[in-house]
Amino acid sequence: MPESRNTGVDAPPSSFLNDSLLQAALGRVPSRSPAWIMRQAGRYLADYRRVRSLFPNFLDFCRSPEHVCEVTIQPVDQIGVDAAILFSDILVLLPPMGLQVDFKESKGPVISNPLRSDDAIAGLPEGDLNSDLGYVFEGIRLTKKALGNRVPLIGFAGGPFTVASYMVEGGSSKELARLKALLFSRPEAFQVLIGKLASVTAAYLREQVRHGADVITIMDSWAGYLGPDEYRDHVMPHTRKIIAGLKSEFPRIPVIHYANGAPHLLPQFTALGADVVGLDWRVDLGDAMRAYPEQVFQGNLDPCALYAPVETIAAKVAALKEKTGGRPHIFNLGHGILPDISPDHARAFVRAVHGDT
Ligand code: CP3
């Protein structure tokens, strides 16, 4: 971008060779549509699996800035995406908050001491945990240096509801019944938990930008488990506050909000103050764009569409492009890329977005 921007500890280059994602995120029509892929640094890439195999423990991998930098850049080099996203996880906040998390091969994250009482919630630290997360900021610093001015780097955190779901449920969960039980039966304790997570997350994201993140994504993947009233009353004010804080300090850093399975919350998401609202595949992109003429959207190819032949992928992308009607838009999958997708098909997706078929 032409304007000089953030007051980073290591100021990033003031202009990118490819700034199409920043342009689109800030509501301008770039010369070429941008694409990135949720979980783009992941198991579908052989080079990722090679680095991953060095670490029996997933969090130790996240804590190694050199390896984080290496895998963050792999999809930029190999798939041609228009942004890098820092390799990390939304659950890195848990250990500094006193919760032990382990990533089990087939079960996903498992928390050995989940929050099971109001006292445990009251005892959680809040505010700035950044001194425990130095490895994330070092990963950002190294990655920015290695990327040079090629493409922007996306930093991220989980949305407070989604992070709370792991802390309360103890892992992945079908109904989020424990967390929702807390909301409905002990709303004050729920508020304390979400409020603490929001303040920790705000401080964490601020530090990511100071270390060079060019875009921020808030992934509140499971917010759609709430109905509109509960989301509006119990979660939305906290997410709004995180976004407002970032935008007031870093007005030129775009904020993307993402949730999965939540078309019923679009009225709320488009009122969060985010520059971009991520959609999954269950909503028609054209309908969303017509309903919210001022909003930039991200998405929303079904991740399973990448199992299709490359010609079909190109046709699906063309259909999505048609729906954007030339408005700024960021192409992505509606959720993370699956581990058995062929890298050739991921490349075909990005090439189709770029119009290079
Ligand atoms: O997108 C990227 O390339 C950056 C890396 C990234 C990871 N997790 C790495 C990861 C990002 C952005 C996340 C976010 C994340 N983590 C979310 C929000 C987005 C979404 O997917 O809805 C959530 C809910 C989590 C929590 C989480 N982490 C789960 C449920 C799992 C297990 C499921 C799985 O895919 O294995 C993880 C582990 C995880 N995080 C892996 C990766 C690459 C797989 C671990 C491995 O390689 O062994």
Side-chain angles (χ1 to χ4, degrees), residues 35-64 67-79 81 83-94 99 101-111 136 139-140 143 151 153-167 169-174 176 179 197 201 204-205 208 213 215-225 256-262 278-281 298-300 303 332-341 343 346:
W36 67 283
I37 297 176
M38 291 183 66
R39 295 279 176 101
Q40 65 189 21
R43 281 169 292 189
Y44 74 107
L45 289 177
D47 283 331
Y48 169 87
R49 294 196 298 273
R50 178 181 48 77
V51 181
R52 173 74 181 91
S53 69
L54 304 175
F55 296 90
N57 177 333
F58 175 72
L59 279 183
D60 287 342
F61 180 11
C62 294
R63 289 177 179 132
S64 172
H67 295 98
V68 161
C69 171
E70 182 179 353
V71 300
T72 298
I73 291 179
Q74 284 171 1
V76 177
D77 290 337
Q78 299 183 20
I79 307 296
V81 287
I85 177 163
L86 185 77
F87 186 80
S88 188
D89 197 84
I90 64 167
L91 300 181
V92 297
L93 283 181
L94 267 55
L99 275 75
V101 55
D102 195 10
F103 290 81
K104 308 242 191 237
E105 181 63 46
S106 52
K107 286 178 74 181
V110 176
I111 290 91
V136 175
I140 291 175
T143 306
V151 290
L153 176 65
I154 303 173
F156 72 93
F161 182 77
T162 297
V163 176
S165 79
Y166 291 95
M167 295 174 98
E169 302 286 337
S172 300
S173 151
K174 253 205 167 105
L176 302 194
L179 180 62
L197 281 171
T201 303
Y204 177 49
L205 290 174
Q208 291 189 32
V215 179
I216 288 297
T217 294
I218 298 174
M219 300 185 174
D220 212 355
S221 299
W222 314 136
Y225 279 76
I256 303 172
H257 182 273
Y258 168 80
N260 183 28
L279 302 174
D280 80 357
W281 62 96
Q298 170 184 283
N300 68 341
N332 203 326
L333 305 182
H335 203 190
I337 188 167
L338 294 158
D340 59 346
I341 292 294

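Whatever order the structure lists them in is the order used to number ligands and atoms, beginning at 1.
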Between [X] and [Y], what is the shortest heavy-atom contact and its length?
X: I37; Y: A346; answer: CD1-CB, 4.1 Å
X: S172; Y: K107; answer: OG-O, 4.5 Å
X: A223; Y: F161; answer: CA-CD2, 3.8 Å
X: Y166; Y: I111; answer: O-CD1, 3.5 Å

Taking only heavy atoms of [X] into account, list the atoms of ligand 1 that are under 4.0 Å away from them.
X: M219; result: 12 (C), 14 (C), 18 (C), 19 (C)
X: L86; result: 4 (C)
X: G108; result: 32 (C)
X: H335; result: 20 (C), 21 (O), 22 (O)
X: F103; result: 28 (N), 37 (C), 38 (C)
X: S221; result: 18 (C), 19 (C), 20 (C), 22 (O)
X: Y166; result: 24 (C), 26 (C), 30 (C)

For [atom], closest protein heavy-atom neighbour:
atom: atom 46 (C) of ligand 1; value: R52 NE, 3.1 Å
atom: atom 36 (O) of ligand 1; value: R43 NH2, 2.9 Å
atom: atom 10 (C) of ligand 1; value: F58 CZ, 3.4 Å
atom: atom 8 (N) of ligand 1; value: D89 OD1, 3.0 Å
atom: atom 12 (C) of ligand 1; value: F156 CZ, 3.4 Å
atom: atom 14 (C) of ligand 1; value: I90 CG2, 3.7 Å

So, is [X] polar-close to ligand 1, with some N/O to N/O distance under 3.5 Å?
X: R39; answer: yes
X: W222; answer: no
X: A41; answer: yes
X: Q40; answer: yes
X: T162; answer: no
X: W36; answer: no

Select one of side chain, backbone, both or neither to describe which atoms of S88 lie under 4.0 Å from any atom of ligand 1, heavy atoms only. backbone
Check Y48 against ligand 1 and report side chain, backbone, both or neither, counting heavy atoms closer than 4.0 Å. side chain
Is the distance between the ring centroids of Y258 and F156 less than 6.0 Å? no
Got a donor-acceptor contact below 3.5 angstrom from the [X] side chain to the [Y] backbone?
X: Q208; Y: V136; result: no
X: Y225; Y: K174; result: yes
X: D220; Y: A259; result: no
X: N300; Y: G334; result: no
X: Q298; Y: N332; result: no
X: T72; Y: F87; result: yes

Angle class for the W222/H335 ring planes (parallel below 30°, perpendicular above 60°, tilted otherwise)? perpendicular
In terms of relative ring orientation, are F55 and F61 parallel, tilted or perpendicular, with 30° and 60° separating the classes? parallel
So is [X] touching ligand 1 or not, going by heavy atoms under 4.0 Å?
X: P109; value: yes
X: N260; value: no
X: G336; value: no

Do V81 and V151 have side-chain heavy atoms sitting under 4.5 Å apart? no
